[in-house]
Amino acid sequence: MSTFVYMTRCDGCGHCVDICPSDIMHIDETIRRAVNIEPNFCWECYSCVKACPNHAIDVRGYADFAPMGHSVRVRREEEKGTISWKIKFRNGTEKNFVSPITTKPWGEFIPKLSEEEKPNQGEINSQILYSEPKGLNTNKDLPTISKDSFKKGVYY
Amino acid sequence: MMKNSKTGRYQREGKWQIMIHGESYKPIVAEAAKKSADKIYNRIMITHLLIDENNENRVGGAVGFNMRTGDFHIFRSKTVIVAAGGASHIFKPRAVGEGMGRTWYAPWSNGSAYALPIAAGAKMTQMENRIVLCRFKDGYGPVGAYFLHLKTYTQNANGENYEKKWYDHTKQLVGEYIDHHPTPTCLRNHAFVQEVMAGGGPIQMVTKEAFQDPHLETIGWENFLGMTVGQAVVWASQNIDPKYINPELTTSEPYVMGSHATCSGAWVSGPEDLSPPEYYWGYNRMMTIEGLFGAGDTVGGSAHKFSSGSFTEGRLAAKAAVKYIEDQKAINIKVSKKQCENFREIIYKPLENYTVNRNEITGGTVSPSYFSPIQGLQRLQKIMDEYVGGISVNYMTNENLLKKGLELLNWLEEDLENIGAEDYHQLMRAWELKHRAITSQCVTEHTLFREETRWPGYYYRGDHMKLDDDNWHCLTVSRRDPKTGKFNMEKMPVYHIIGDEEKKKAS
Amino acid sequence: MININPFSQLSNSIPPQAMQAFVFLMIILVVLGTVVDMIHKKNVRYFFENAKKAKKSAKKSLTKGEKTSVIVKTVANDILTTAELGAGKRRAAHLLGMYGTILFWLSSVVLIFCYSSTNSVTTPNLWPILWHIGAIMTCLGGFWFWLFLRVDVYSEAHPWYRIVQADLFVLSLLASASFGLIWSFCLSLNIKGLDNLFFILFIVSNLVLFGGVYWSKFAHMFYKPGAAIQKNLAEADGSRDNLPPPSDAPEQFGLGIKREVPKHY
């Protein structure tokens, strides 16, 4: 499958160009709207489809194995923290799903590491990472193995 | 990730996995990254590592270019952490034409994780250990949650448990490993491949039972919609409703990576408190080049990291890098202007190749003097597929094929000097290809070195079909000499964390 | 200068009938360009076929009243205020340019047809002022857009001076408004020679603007409203272009991706 852009819906805002991990969403030079310039490098990750504020991007199953007439469309509502899907089969069967994005409110609860105290030499030398073990919701020391318990394998 | 309401810790699925639920992976991770970094450079393709001119074995930064503006970027630094992606698209994918991008591992995983350290002369390990995935056909939708959560199972076209059928055969090849629990991924692949070759296909996932429960049906669909929407598209287009039809499975083309069920990657130092002497040279996750660290796909010999493990490895590497700098290991690094300018010329050469030689022809894509990144990529994929054990030969190779493959790869390497790029986007594709090509050479050298078939189902050495614990129960390590381009191979010991008795108890 | 009618001064050298004929010629060029566009690209046929398809998958059939209300709402919201561009600079610039252009063209027609001969009634102050304000608004909105807001420039890092085919419409519109203003300015200061030069440039830019419909984005003013109406009708009849309906959940997660301008390179 590859993405394509509906002429009537795209207003060329550039969100898809910004998010595409494959760098294939670009702005067309004749109509100044988004276009997938390299469908064979599209992973159908749906990043652009979900990011488009105008629902202008859709997907048509890859030409080499997907018969036509299907539709898998999405409405991702970040403010509500939900994502809704509508799947239409070639034979007309429909399936609808609404699920949570499963995240916390955008921009909140992200630790500001630069405001934390600088680790001391002991902490830098230890194997413990930032916020361990407390961040893992335990007060016990994390389990370790003694070096001597290693059994050397067969080799050479 | 979910919280376990009883313990207050991460919710586990199965024995050791912590499942990631939901979607929006990229925006969520990007947001955290943006908040915690001082400065972020985006859309920069890093092409080479800079090397200290005072110490040939110490890193001095990295160079690359911006694929939008075309600007040349020089990053001078005391340490570098390579956390790039593994390698998809080095073997010919099953999908062709427009669908070429539908590989299991994303097409933007272009092997930079390996190409950067290999080119700089870092040691690599287990690069022959490519991975083949058993997934839903065409879309490569994940099967893990289907097995663990929905309790679905596989069968052949006649409704038989084919894995049982191939037990004795597999035992002859690999011995007691077939009795391990859970069954090693490659051995399950092996049964799949054998069954298909014996005419038992298509192999199906039995979903008809589980999907009668509407709750499980929703889980099954949302599992795809959260991470592999393409599978939902395949099913919608082919009228496959798993409630009424058992969907087909397939084995994918091979990929090279260090974070899933295989362990290809750089040979790095282990942590101070655990590592035996062969694994330890001072800083956790530091490669054999001083100041050069890795995380995720880059790091070899530590499989099953997946997402959260790769993140954690990044934290380990970052911490060790800070310690490295605090220990005054990064003083007096010399990176001259000449070294940077030299790289600038190399980086933009594909643009030059195209612009100059485009004058030779009236138009079209056929030129006697340059070739495009996609043309080069397909040439690479054909070599790897046919000579190094891809899909079209059922993952089979041998010494003769590998030697021929290496010869073809060397010619490709020479020809890559003539690759042409018409814009910065294509320049990125050109460098992606160069990274894939050098990764492929390393993979082929390793495959040639290990004279056994340790992972039937991932690949087969037809001239050494059996697993050989007497000679090859070890890690393979390579180093490419940056001056000559020659690979040097060696063996390294395997230490077992768990003794045989405990292992038996566990399985 | 703002209350001077440049067309009445022009009538000293060019008869009003010629000016009126020029306006007719421009209208004919637009009609011709659009018709050729429609015949060649068959875009109107696509619209109708698409509307038929949408009707087939409609969940409910709309009454005439419902349809009218959707169309009225679309005109008021999507077309008159270009709501699709969201809140922000892009919408402000577009509105400025759009209303400026409408004022500029409307007042040009009024000035040329009613007040262009010297011996007729004197021009009321209103129309020349509207003409100048329209041209100034067009320039403000247009240059703001062209210099700072073009998506190929800010998303793709193209240099600002790189001109592509998509610029044909906006640049010829800007040229026409700017040259018109300068011409009027020269007339008001009575700078001989220069006024003729800019008048000629004004004419040429109008020819390019109205004659280039087939190649430029000119026709988007006709198609965009049609597309907006179709989109809102599909929303109202439940077919929604196969999109799922909005979910029933409170807005408690804050803005995600939309908090930031899409420019991360």
Side-chain angles (χ1 to χ4, degrees), chain A residues 1-2 19 21-23 26 37 39-47 50 59 61-72 76 83 85 87-91 93 95 97 99-103 106-107 110 112-113 124-125 127 129-130 136-138 144-145 147 150-156, chain B residues 7-9 21-24 26 28 31-32 35-36 43 67 95-103 106-108 138 218 221-222 225-226 229-230 232-234 236-239 241 271-276 312 315-316 319 322-323 326 374 425 428 469-470 473-474 491 493-497 499:
Chain A
M1 132 180 64
S2 264
I19 203 166
S22 199
D23 195 44
H26 280 257
I37 58 164
N40 55 356
F41 273 94
C42 177
W43 201 47
E44 74 238 15
C45 69
Y46 267 69
S47 290
K50 292 172 181 177
V59 161
Y62 284 131
D64 61 329
F65 53 75
M68 294 175 82
H70 56 274
S71 155
V72 177
R76 178 167 171 272
I83 182 146
W85 294 91
I87 302 172
K88 244 186 178 172
F89 284 57
R90 180 177 164 92
N91 62 13
T93 309
K95 288 187 190 288
F97 300 99
S99 26
I101 289 177
T102 48
T103 186
W106 296 95
I110 292 174
K112 296 193 176 61
L113 296 179
I124 285 191
N125 287 333
Q127 300 297 323
L129 292 172
Y130 164 74
L136 297 168
N137 266 340
T138 176
T144 54
I145 311 177
K147 220 192 257 192
F150 286 165
K151 315 271 190 293
K152 204 170 189 177
V154 196
Y155 90 110
Y156 298 121
Chain B
T7 62
R9 298 199 275 280
H21 296 260
E23 61 94 57
S24 289
K26 184 174 178 186
I28 291 170
E31 175 148 36
K35 285 261 159 77
S36 51
R43 303 277 170 199
M67 61 191 77
V96 294
E98 180 193 283
M100 198 184 97
R102 180 76 296 238
T103 44
W108 49 88
D138 294 340
T218 305
W221 278 98
E222 285 181 352
L225 297 173
V229 197
V233 176
V234 174
S237 71
Q238 299 185 357
N239 292 335
D241 185 343
E272 184 179 8
D273 58 340
L274 290 181
S275 310
T312 308
R315 294 172 67 190
L316 293 171
K319 190 176 174 187
V322 169
K323 191 168 175 240
E326 291 210 330
I374 184 74
H425 177 78
M428 171 194 75
D469 260 350
D470 292 339
H473 191 104
C474 64
K491 290 180 181 180
V494 173
Y495 283 88
H496 288 261
I497 296 178

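All of these numbers come straight from a predicted model, not from anything done at the bench. Computed over heavy atoms, backbone and side chain alike; hydrogens, waters and symmetry mates excluded. Throughout, protein chains are lettered first and strands after them, A, B, ... in sequence-line order, and every chain is numbered starting at 1.
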Could you go step by step and tell me if Asp241(B) and Lys95(A) meet the salt bridge (charged side-chain N to carboxylate O under 4.0 Å, His left out) rule? CA-CA 10 Å; Asp241(B) 185 343; Lys95(A) 288 187 190 288; 3.1 Å; yes
Write down the atom of [X], the atom of [Y], and the distance for their closest heavy-atom approach.
X	Y	result
Arg102(B)	Trp43(A)	NH2-NE1, 2.7 Å
Pro67(A)	Ser237(B)	O-CB, 3.2 Å
Trp106(A)	Glu31(B)	CE3-OE1, 2.9 Å
Thr138(A)	Arg9(B)	CB-NH1, 3.8 Å
Gly230(B)	Glu44(A)	CA-OE2, 3.2 Å

Output the option from [options] having the highest count of non-hydrogen pairs under 4.5 Å with chain A.
options	result
Ala106(B), Ala232(B), Pro276(B)	Ala106(B)
Ala32(B), Pro107(B), Ala95(B)	Pro107(B)
His21(B), Met100(B), Lys26(B), Lys35(B)	Lys26(B)
Gly22(B), Gly8(B), Ser24(B)	Ser24(B)

Between atom [atom1] of [X] and atom [atom2] of [Y], what is the distance when rounded to the nearest 0.5 Å?
X	Y	atom1	atom2	value
Trp85(A)	Leu225(B)	CH2	CG	5.0 Å
Arg315(B)	Tyr130(A)	CZ	OH	8.5 Å
Ser2(A)	Glu98(B)	OG	CD	4.5 Å
Ile124(A)	Lys323(B)	CD1	NZ	9.0 Å
Arg76(A)	Glu23(B)	CZ	CD	5.0 Å

Atom group of [X] that falls short of 4.5 Å from chain A, counting heavy atoms:
X	answer
Leu316(B)	both
Glu272(B)	both
Ser275(B)	backbone

Donor-acceptor pair, distance only, cut-off 3.5 Å: does the side chain of Asn91(A) make one with the backbone of Asn239(B)?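 No.
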So does Val96(B) get a backbone contact from the side chain of Asp64(A), meaning a donor-acceptor N/O pair under 3.5 Å?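 Yes, because the side chain of Asp64(A) sits within donor-acceptor range (under 3.5 Å) of the backbone of Val96(B).
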Using non-hydrogen atoms and a 4.5 Å limit, figure out which bit of [X] sits close to chain B: side chain, backbone, both or neither.
X	result
Ile83(A)	side chain
Ile19(A)	both
Lys88(A)	backbone
Ile87(A)	side chain
Ile110(A)	side chain

For chain B, the option from Thr102(A), Val72(A), Asn125(A), Ile101(A) that forms the most heavy-atom pairs under 4.5 Å: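 Highest number of heavy-atom pairs under 4.5 Å: Ile101(A).
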Which one of Asp23(A), Leu129(A), Thr93(A), Leu136(A) has the most heavy-atom pairs closer than 4.5 Å to chain B?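 Ranked by contacts with chain B, first place is Asp23(A).
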Evaluate Val229(B) against Val59(A) for side chain to side chain contact (heavy atoms under 4.5 Å, CB included), listing each step before the verdict. CA-CA 10 Å; Val229(B) 197; Val59(A) 161; over 6 Å; no
